Amino acid sequence: MNVRRHHISTAALAAVAALGLGTLTACSSDSAAAGDGGTFDVVASFYPMAFLAEQIGGEHVSVTSLTEPGQEPHDLEISARQTARLEESDAALYLKGLQPSVDEAIGQSPVAVKIDAATLTSLEGHGAEADGHEEEHAEDEHGHEHAEEEHGHEHEHEDGKDPHVWLDPVKYAEVAEGVGKAFEKADPDHAADYRKNTAALVGRLNDLDEKFEAGLADRKNSVFITTHAAFGHLAERYGLTQEAISGLDPESEPSGARVKELQETAKADGVTTVFYETLVSDKTAKTLARDTGLGTDVLDPLEGITDASRGDDYFQVMEANLKALRTALGAK
């Protein structure tokens, strides 16, 4: 879509900066979409950011994702064409710490509004240690103590925090509110619509949170095994324990020692299922499942939507994730 570039007013920039909504740079004294029939042009880093921009922006926003459907976002390398597209946009919406090439491109870009979703909610550390994993003992809801291990991986925020906040509906709602405020300030002509759309999206995310809370409340166990250490925020929100096979590389083979650890965990905690993803090979998960006598299923980190996804958008896939977790954890 060929969209004419607009610019952000100094007053709007100052207002957004005061709200802590990312790093902004003024280009001129014109407002972002100053009543000339143009749309607010947003480049999003990958699917969860593009979904927010589309839901909040509605008809007033043109959204381009840097990550193509089916592309593993962590491995994205920005092309010259994408760099040029970024420079022509009104705003960039990204999550710093997840895609290094995107962070670099946006950092060097003259794009007027830079919205870093990582600044709009709190990121937690989920065992993302350089030496592979850390272990701590915790009690589950039945009072049984178990070892809680969460394996780190290279796709972590610059301060060692887990960037996968969109998998926690509560944190994703906080990000949505921040993005909505940024859009309001950058494109004040359509602020009322952005507020309305943000409120509607946050309401749906709150409903999703309630579904997860209720759906996982009465369960037989709390431990789940997955290939990619992406579900730490979700696990923390609902009192679960994530055990990652190989956090450093979703497609790598687990070590013999790690397989033994997971076999012991599965036996001790009644684990029935090894989860794999839609955008990476299922070889690792199926190897572990075969070696441990467990079943397999999909737990989608929602880094992109493809024909293989169990749903057409964020909400449908998250509800499919909830169904898969309920089955694996023996929820009633």
Side-chain angles (χ1 to χ4, degrees), residues 3-34 38-57 60-67 73-74 76-123 155-159 161 163 165-166 171-172 174-188 190-191 194 198:
V3 179
R4 186 152 45 119
R5 184 177 181 183
H6 307 286
H7 300 287
I8 313 301
S9 70
T10 302
L13 294 167
V16 179
L19 288 168
L21 300 172
T23 303
L24 309 179
T25 304
C27 291
S28 82
S29 59
D30 300 325
S31 67
T39 57
F40 186 50
D41 194 2
V42 179
V43 170
S45 56
F46 72 129
Y47 176 74
M49 299 297 102
F51 184 74
L52 285 183
E54 291 167 352
Q55 294 293 305
I56 294 169
H60 306 304
V61 172
S62 174
V63 181
T64 301
S65 178
L66 294 174
T67 307
H74 301 113
L76 176 68
E77 293 295 334
I78 300 295
S79 68
R81 181 181 178 185
Q82 289 174 316
T83 299
R85 183 72 182 84
L86 179 62
E87 292 177 354
E88 294 171 357
S89 67
D90 295 309
L93 174 57
Y94 70 119
L95 204 164
K96 190 173 183 180
L98 191 82
Q99 298 170 285
S101 69
V102 172
D103 296 348
E104 182 179 2
I106 291 177
Q108 296 176 354
S109 171
V111 62
V113 179
K114 302 175 183 180
I115 308 169
D116 176 9
T119 68
L120 304 178
T121 187
S122 59
L123 275 63
H155 313 304
E156 62 188 49
H157 197 251
E158 60 186 358
D159 56 3
K161 303 298 186 181
V165 291
W166 65 92
K171 290 187 179 295
Y172 199 42
E174 292 172 351
V175 173
E177 290 177 336
V179 172
K181 289 176 182 177
F183 281 16
E184 288 177 40
K185 296 300 181 180
D187 183 15
H190 303 116
Y194 296 147
T198 300

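Since this is a predicted model, take the numbers as computed values, not measurements. The figures that follow rest on heavy atoms only: side chains count, while hydrogens, waters and symmetry mates do not.
A salt bridge links Arg85 with Asp41: the closest approach of a Lys/Arg side-chain nitrogen to an acidic carboxylate oxygen falls below 4.0 angstrom.
A parallel orientation is assigned to the rings of Phe51 and Tyr172, their planes being inclined by less than 30° (bins at 30° and 60°).
Minimum heavy-atom separation, Ser89 to Val43: CB-CG2, 3.7 Å. Ser45 and Tyr94 get closest at one heavy-atom pair: OG-CA, 3.4 Å. Listed here is the closest heavy atom pair of Ile56 and Tyr194: O-CD2, 3.4 Å. Shortest non-hydrogen contact noted between Glu87 and Pro110 is CG-CD, 3.6 Å. Residues Leu86 and Val111 share a closest heavy-atom pair of O-CB, 3.9 Å. Across every non-hydrogen atom of Ala186 and Phe40, the tightest pair is CB-CZ, 3.7 Å.
Gln99 is listed as a side-chain neighbour of Thr67, based on a closest heavy-atom distance under 4.5 Å. Residues Leu98 and His74 meet the side-chain proximity criterion, which asks for heavy atoms closer than 4.5 Å. Within the 4.5 Å cutoff, the side chain of Leu76 has no heavy atoms near those of the Phe46 side chain. Annotation: side chain of Asp90 is not in contact with side chain of Val42 (no heavy-atom distance under 4.5 Å).
Taking CG of Leu95 as the start and OG1 of Thr121 as the end, the distance is 10.0 Å to the nearest 0.5 Å. Atom OG1 of residue Thr64 and atom CD of residue Gln82 lie 10.0 Å apart, to the nearest 0.5 angstrom. Atom CD of Glu104 is separated from atom OG of Ser109 by 12.0 Å, given to the nearest 0.5 angstrom. Residue Phe183 holds its CZ atom at 5.0 Å from CD1 of Ile115, rounded to the nearest 0.5 Å. A distance of 8.5 Å separates CG in Leu93 from CG in Leu120, rounded to the nearest 0.5 Å.
Between the side chains of Glu184 and Thr198, no donor-acceptor pair is found at a separation under 3.5 Å.
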